[in-house]
Amino acid sequence: MPSSATTLSIVATPIGNLDDMSARAREVLAAADVIAAEDTRHSRRLMSHLGVGTPLISLHEHNESARIDQIIERLAAGEHVALISDAGTPLISDPGYALVAAVRAAGHAVVAVPGPCAVIAALSVAGLPTDRFVFEGFLPSKPGARRARLEALAEEPRTVVCYESSHRIVATAADLAERFGMRQLVLARELTKLHEQSVALAAAELPAWLAADDNRRRGEFVLVIAGAPEPQSRPREISLDALLAELLPLAGTKKAATIAARLTGTARNAAYQRALELAG
């Protein structure tokens with residue numbers, strides 16, 4: 001669906017490298033009547049780089065509810081509104097969910113203009129299963145809540161992806177080491193930026209890796225954690241009667257009973273008596 005009047009366009013912007021901005025995204029932002037941005041000062045620099053002069057209004061976690069009616073009024077008046085976040089795809093650990101839900105409820109079109117997303121970028125280079133994964137956003141900032149969340153995720157069989165800031169990466173690494181031990185993870189830092197780095201190692205090794213170089217603790221982080229191993233299935237219980245039915249045609253009653261008793265844990269006398277009954 002093309003972006004047009006009465007449409008809310010969800011536009012992804014670069015997470016670091018400005019060359020990742022698509023031609024379509026730039027065209028949509030230039031054609032919009034207004035751009036709702038998480039931080040207008042930050043986004044104004046991006047718009048200047050792109051040569052886009054569309055007016056900006058703020059939409060962040062503290063004013064989203066107040067902005068919803070204004071944006072719906074603009075759409076109802078025939079305007080085209082674009083939504084961007086500070087970096088990456090809007091709504092992915094960023095504001096916009098309430099706005100999109102309200103715009104849809106009001107009967108207006110919502111169109112995605114896809115592009116950079118740190119979750120997907122990290123998954124694509126992690127070398128961990130990507131057919132099923134869980135995105136946790138930012139882990140809780142308080143230590144007790146963070147440890148409780150990691151405890152809840154410890155048995156998650158799908159690959160787990162979360163964000164972390166430079167202020168908490170050391171504390172989070174210590175919690176991961178304690179709870180996940182030798183579980184494989186990938187830390188991706190400063191994706192698409194000048195000092196981009198990713199490393200695969202066991203959770204228990206992460207604190208020492210971070211401590212080895214101050215620069216490793218700087219920037220924005222994505223953690224991709226291997227899912228819990230699938231529990232080994234219990235061996236199927238063997239029915240004494242079913243086993244005897246298979247063995248009796250191949251061996252005598254006594255030998256069949258001896259084998260069946262050993263495989264099923266049944267007392268030998270009981271197995272022999274049952275074998276006699278089945279042999280008839």
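Computed from a predicted model, the values in this text were never measured in an experiment.
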Between the CD atom in Glu73 and the CD atom in Glu79, the distance rounded to the nearest 0.5 Å is 10.5 Å
Apart from Phe180 itself, what residues make up its hydrophobic cluster when side-chain heavy atoms of I, L, V, M, F, W and Y under 4.5 Å apart count as a link, directly or indirectly? Leu139, Leu150, Leu153, Val160, Ile169, Val170, Leu176, Leu185, Leu187, Val199, Leu201, Leu206, Trp209, Leu210, Phe221, Leu223, Ile225
In sequence, state the C-alpha distance, the side-chain angles, and the governing distance for Met47 and Leu29, and then conclude on side-chain contact (heavy atoms from CB on, under 4.5 Å). CA-CA 9 Å; Met47 295 306 111; Leu29 293 176; 3.8 Å; yes
Return yes if some donor-acceptor pair links the side-chain N/O of Arg147 with the main-chain N/O of Asp175 below 3.5 Å, else return no. no
Results of side chain to side chain donor-acceptor pair (under 3.5 Å) for Asn215 - residues two or more places apart only: Arg218
With side chains defined as the heavy atoms from C-beta onward, is the minimum distance between Val125 and Val224 less than 4.5 Å? no
Has Thr7 got a side-chain atom pairing as donor or acceptor with Val110's backbone, closer than 3.5 angstrom? no
Is any side-chain heavy atom of Val34 less than 4.5 Å from a side-chain heavy atom of Leu56? no
Backbone of Glu220 reached by a side-chain donor or acceptor of Glu190 within 3.5 Å: yes
Looking only at heavy atoms, the pair that brings Gly96 and Leu83 closest together is CA-CD2, 4.1 Å
Report yes if the side chains of Ile92 and Val119 come closer than 4.5 Å at any heavy-atom pair, otherwise no. yes
Could you state the interatomic distance from CD1 (Ile71) to CD (Glu64), rounded to the nearest 0.5 Å? 8.5 Å
List for me each residue that meets side chain to side chain donor-acceptor pair (under 3.5 Å) alongside Thr89, sequence neighbours excluded, and say none if there are none. none
Linked, directly or transitively: Ile57 and Tyr97 (ILVMFWY side chains, under 4.5 Å): yes
Distance-minimising heavy-atom pair for Ala271 and Thr266: N-CG2, 4.1 Å
Reported OG1-to-CE distance for the pair Thr13 and Met21, which is rounded to 0.5 angstrom: 6.0 Å
Working note: Arg149 + Glu136, criterion salt bridge (Lys or Arg N to Asp or Glu O under 4.0 Å); need CA distance, chi angles, decisive distance, verdict. CA-CA 10 Å; Arg149 190 73 200 118; Glu136 282 290 313; 2.9 Å; yes
Value for CG (Leu248) from NZ (Lys255), rounded to nearest 0.5 Å, stands at 12.5 Å
Less than 4.5 Å apart, side chain to side chain, heavy atoms only: is that true for Ser141 and Arg168? yes
Side chain to side chain donor-acceptor pair (under 3.5 Å) involving Arg216 - partner list, sequence neighbours excluded: none
Where Val186 and Ser198 come nearest, the two heavy atoms and their spacing: CG1-CB, 4.5 Å
Main-chain N/O of Lys254 paired with Thr258 side-chain donor or acceptor, under 3.5 Å: yes
Heavy-atom neighbours of Glu156 CD exceed 12 at 6.0 Å: yes
Excluding Tyr272, membership of its hydrophobic cluster (Ile, Leu, Val, Met, Phe, Trp, Tyr; side-chain heavy atoms within less than 4.5 Å) reads Leu276
Of all heavy-atom pairs linking Pro249 and Leu244, the shortest is CD-O, 4.4 Å
Regarding Glu151 and Arg179, does a basic nitrogen lie under 4.0 Å from an acidic carboxylate oxygen? yes
Check whether any side-chain heavy atom of Leu75 lies under 4.5 Å from a side-chain heavy atom of Val103, and answer yes or no. yes
Test your reading of the model: is there a side-chain donor-acceptor pair from Glu205 to the backbone of Ala202, 3.5 Å cut-off? yes
Spacing of Gln273 atom CD and Leu278 atom CG [to the nearest 0.5 Å]: 10.5 Å
For Leu191 and Ala121 the tightest heavy-atom approach is CD1-CB, 4.1 Å
What residue pairs, at least two apart or across chains, pass ring-ring contact (aromatic ring centres under 6.0 Å, His included) with a residue in residues 35-60? His60-His62
Is Leu247 reachable from Leu263 through a run of I, L, V, M, F, W or Y residues, each pair having side-chain heavy atoms under 4.5 Å apart? yes
Answer yes if Val28 and Leu18 sit in the same cluster of Ile, Leu, Val, Met, Phe, Trp and Tyr residues linked by side chain heavy atoms under 4.5 Å apart, and no otherwise. yes
Is there a donor-acceptor pair closer than 3.5 Å between any side-chain N or O of Thr192 and the backbone N or O of Asn17? yes
Does Lys193 NZ have over 12 foreign heavy atoms under 6.0 Å away? yes
Other residues, nucleotides and ligands only: do more than 12 of their heavy atoms fall within 6.0 Å of CG on Asn269? no
A side-chain contact here means heavy atoms from C-beta on lying under 4.5 Å apart; do Thr130 and Arg158 qualify? no
Return the minimal non-hydrogen interatomic distance between Ala32 and Thr54, and the atom names on each side. O-CG2, 3.2 Å
Measuring only between side-chain heavy atoms, which start at C-beta, is Glu38 closer than 4.5 Å to Leu59? no
Using distance alone, with no hydrogens and no angle criterion, decide if His80 and Thr6 have a side-chain donor and acceptor under 3.5 Å apart. no
What's the verdict on side-chain contact (heavy atoms from CB on, under 4.5 Å) for Phe135 and Ile120, showing C-alpha distance, side-chain angles and the deciding distance? CA-CA 10 Å; Phe135 176 54; Ile120 303 305; over 6 Å; no
Rounded to the nearest 0.5 Å, what's the gap from CG on Leu50 to CZ on Arg26? Could you check? 6.5 Å
Any side-chain heavy atom of Asn63 within less than 4.5 Å of one from Ser58? yes
Is there a donor-acceptor contact under 3.5 Å from the side chain of Ser85 to the main chain of Ala87? yes
Salt-bridge test for Glu277 and Arg274: reply yes if a basic N is under 4.0 Å from a carboxylate O, no otherwise. yes
Any donor and acceptor pair, going by atom type alone, linking the side chain of Arg183 with main-chain N or O of Ala154 inside 3.5 Å? yes
